[in-house]
Amino acid sequence: MSNEEKRIIEVDEYDAKCPSCGASIKFHPGTGSLVCPYCHHEEHIPDADMQVDEEVQELDFHEAEARSSFQWGEEKKLVVCDACAAELVYDALEVANVCPYCGSNHVMEIDSENTIAPNGIIPFQITKEQANENFQKWIKGRWFAPNEARKSAKAEAFTGIYLPYWTFDTKTASQYTASYGRRRTVYDKDGKPQTVTDWYRTRGFYQEFIDDHLVLASKRYDPFILNKVEPFQLKQARSYNKDYLQGFAAERYSIGLDEGWQIAKEEIHDYLETQITHHILWKHHADVVKNLRFSTVHSDITYKYLMLPLWLSTFRYRDKTYQFMVNGQTGKVGGKYPVSPIKVTIAVIVTLLILLGLYLYFENQ
């Protein structure tokens, strides 16, 4: 047996069947239920209504046992489709997909021995059709895109996928030192005004509770595009139910809990730097802050492991492919698109002319 074969493990899969015709039924974002695409039978997801107003439970960060990250491609798993008997090999991090031969849903078990199971999910609320409508509005609103692209760009097939995210709550307590400056106007011997800054040293203590800081738990997707489609309305997350995955792709985390927390701490540090700066400006009625130094202690750290919905697609323009995403909860679109050099040049020239006009105006005052 080869090394590659040794890495393939057989796992069970779950496929919700229509009680009327026996076909695979899928979660429908428009109805919030499982719907058969053939006979249109609709199955209510148990407890879904009760979960809408319930917040997903926060879990103690220090009590989590499975904390490691994982690499794509290191381990495979074998699924035998119970509808067409095809043998399908998936990456171990895939937890839901659709059989390419018969269209049956494969929701695969998550190994709970060395991974953390998701405890929350935001189901799709935007349908594929709505995602396409939002894309058309979005591309038409890209002023710097060539007119031809804005008028004729068409999305390729949409793929609905649940991506893994961590959220972190933490109490922060920061000790800081900094210098703040107050500006004042003085006049030289010729009577011309000049601005000088008086500097003062300060130190202090700043506290803030960080709620639901979001960290993507995958390295496979473009963070630039993902940032464009955020935020998600995390308070609408429901308790995890695998029925919501029916008909969609999904993956479990590759960035583990410890690595995710390190990412969160760095981002929270940058956020606190801005907050402490504003705090000093407000406290001392200052105009500017420099040389800020601070250290932060985190306490009462909790986390959630959420599955969040996204529509993925691409469009082509002049033999080049551009990727974009649509937030499966809010419908917000973000992505890359072609830029017209002529429009950029015009914008630069107009901006320079405006600046020149303002300069000449104030010079003549």
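Sequence positions, counted from 1, serve as the residue numbers for this chain.
Tyr253 has its ring centre less than 6.0 Å from the ring centre of Phe70. In this structure, Phe27 has its ring center closer than 6.0 angstrom to the ring center of Tyr244. Between His28 and Phe124, the distance from one ring center to the other does not fall under 6.0 angstrom. Less than 6.0 angstrom separates the ring centroid of Phe248 from the ring centroid of Tyr162. The aromatic ring centres of His213 and Trp166 sit 6.0 Å or more apart.
Taken from OG in Ser174 to CZ in Arg293, the straight-line distance is 14.5 Å, to the nearest 0.5 Å. Taking CG of Leu312 as the start and CG of Leu163 as the end, the distance is 6.5 Å to the nearest 0.5 Å. Here the NZ atom belonging to Lys283 is positioned 12.5 Å from the OH atom belonging to Tyr206, to the nearest 0.5 angstrom. Rounding to the nearest 0.5 Å places CD1 of Ile349 at 13.0 Å from CG of Leu356. Atom CG of Leu272 sits about 11.5 Å away from atom CD of Gln207, to the nearest 0.5 Å. Rounding to the nearest 0.5 Å gives a distance of 12.0 Å between CZ of Phe61 and CD of Glu63.
In this structure, the side chain of Arg203 does not engage the main chain of Thr177 through any donor-acceptor pair within 3.5 Å. Here the side chain of Asp190 pairs no donor or acceptor atom with the backbone of Lys192 at under 3.5 angstrom. Panel note: side chain Glu43, backbone Cys18; no donor-acceptor pair is recorded below 3.5 Å. Between the Asn119 side chain and the Tyr305 main chain, a donor and an acceptor come within less than 3.5 Å of each other. With Ser69 contributing its side chain and Gly256 its backbone, the two residues share a donor-acceptor pair below 3.5 Å.
When the shell of 6.0 Å around NZ of Lys228 is examined, it contains 12 or fewer heavy atoms from other residues, nucleotides or ligands. Other residues, nucleotides and ligands contribute at most 12 non-hydrogen atoms within 6.0 Å of the NZ atom of Lys128. By the 6.0 Å contact criterion, CZ on Arg318 is open, its count of non-hydrogen atoms from other residues, nucleotides or ligands being 12 or less. The number of heavy atoms from other shown groups lying within 6.0 Å of CZ (Arg220) is above 12. Crowding of Tyr200 atom OH: a count of heavy atoms from other residues, nucleotides or ligands under 6.0 Å exceeding 12. Counting non-hydrogen atoms of neighbouring residues, nucleotides and ligands closer than 6.0 angstrom, the CG atom of Asp319 reaches no more than 12 such neighbours. Atom NZ of Lys154 sits in a sparse spot, with 12 or fewer heavy atoms from other residues, nucleotides or ligands closer than 6.0 Å. Around atom CH2 of Trp143, more than 12 heavy atoms belonging to other residues, nucleotides or ligands sit under 6.0 Å away.
Counting heavy atoms from C-beta outward, Thr277 and Leu292 have side chains that approach closer than 4.5 Å. Considering only heavy atoms from C-beta on, Thr185 stays 4.5 Å or farther from Gln194 through its side chain. For the pair Asn327/Asn134, no side-chain contact is recorded, criterion being any heavy-atom separation below 4.5 Å from C-beta on. A heavy-atom distance below 4.5 Å is not found between the side chains of Val326 and Asn132. No side-chain heavy atom of Pro338 sits less than 4.5 Å from a side-chain heavy atom of Phe144. Thr321 is not listed as a side-chain neighbour of Phe315, based on a closest heavy-atom distance of 4.5 Å or more. Gln275 places a side-chain heavy atom less than 4.5 Å from the side chain of Glu208. Side-chain contact between Thr197 and Arg182 is absent, with no heavy atoms from C-beta onward closer than 4.5 Å.
Checking Asn97 against Glu94 by side-chain atom types alone, a donor-acceptor pair falls below 3.5 Å. Between Arg183 and Thr195, the side chains place no donor N or O within less than 3.5 Å of an acceptor N or O (distance only, hydrogens not considered). Side chains of Thr314 and Glu156: no donor on one and acceptor on the other come within 3.5 Å.
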Lys304/Asp212 under salt bridge (Lys or Arg N to Asp or Glu O under 4.0 Å): CA gap, chis, key distance, verdict: CA-CA 8 Å; Lys304 296 193 292 283; Asp212 283 342; 2.5 Å; yes
How far apart are the C-alpha atoms of Ile263 and Leu216, what are their side-chain angles, what is the distance that settles it, and do they pass the side chain to side chain contact (heavy atoms under 4.5 Å, CB included) test? CA-CA 9 Å; Ile263 295 171; Leu216 176 66; over 6 Å; no
Take Val186 and Arg184, measure what side chain to side chain contact (heavy atoms under 4.5 Å, CB included) needs, and give me the verdict at the end. CA-CA 7 Å; Val186 298; Arg184 56 189 175 90; 3.4 Å; yes
Given Asp169 and Ile301, is the side chain to side chain contact (heavy atoms under 4.5 Å, CB included) satisfied, shown in steps? CA-CA 6 Å; Asp169 287 7; Ile301 307 167; over 6 Å; no
I'd like to know whether Gln136 forms a side chain to side chain contact (heavy atoms under 4.5 Å, CB included) with Trp138, so could you lay out the CA-CA distance, the side-chain angles of the two residues, the decisive distance to 0.1 Å, and finally the verdict. CA-CA 5 Å; Gln136 294 297 333; Trp138 175 80; over 6 Å; no
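In terms of hydrophobic clustering, with Ile, Leu, Val, Met, Phe, Trp and Tyr side chains grouped at heavy-atom distances under 4.5 Å, Ile25 and Val35 are assigned to different clusters. In terms of hydrophobic clustering, with Ile, Leu, Val, Met, Phe, Trp and Tyr side chains grouped at heavy-atom distances under 4.5 Å, Val297 and Phe209 are assigned to different clusters. Note: the hydrophobic cluster containing Val288 does not contain Tyr176 (ILVMFWY, side chain heavy atoms under 4.5 Å, direct or indirect links). Residues Leu281 and Trp199 do not share a hydrophobic cluster, defined by chaining ILVMFWY side chains whose heavy atoms lie under 4.5 Å apart. A continuous path of hydrophobic side-chain contacts links Tyr221 to Phe224 [ILVMFWY only; heavy atoms under 4.5 Å].
Relative orientation of the Phe168 and Tyr303 rings is tilted, given thresholds of 30° and 60° on the angle between their planes. Between Phe135 and Phe324, the ring planes lie parallel to each other; the angle is under 30°, not in the 30° to 60° tilted range.
Between Ile121 and the options Leu245, Leu308, Val56, a side-chain contact (heavy atoms from CB on, under 4.5 Å) holds for only Leu245. When the options Arg67, Lys265, Lys219 are evaluated for a salt bridge (Lys or Arg N to Asp or Glu O under 4.0 Å) with Glu259, the one that passes is Lys219.
Residues Asp91 and Arg252 are not paired through a salt bridge, judged by the lack of any N-O separation under 4.0 Å between the basic side chain and the carboxylate.
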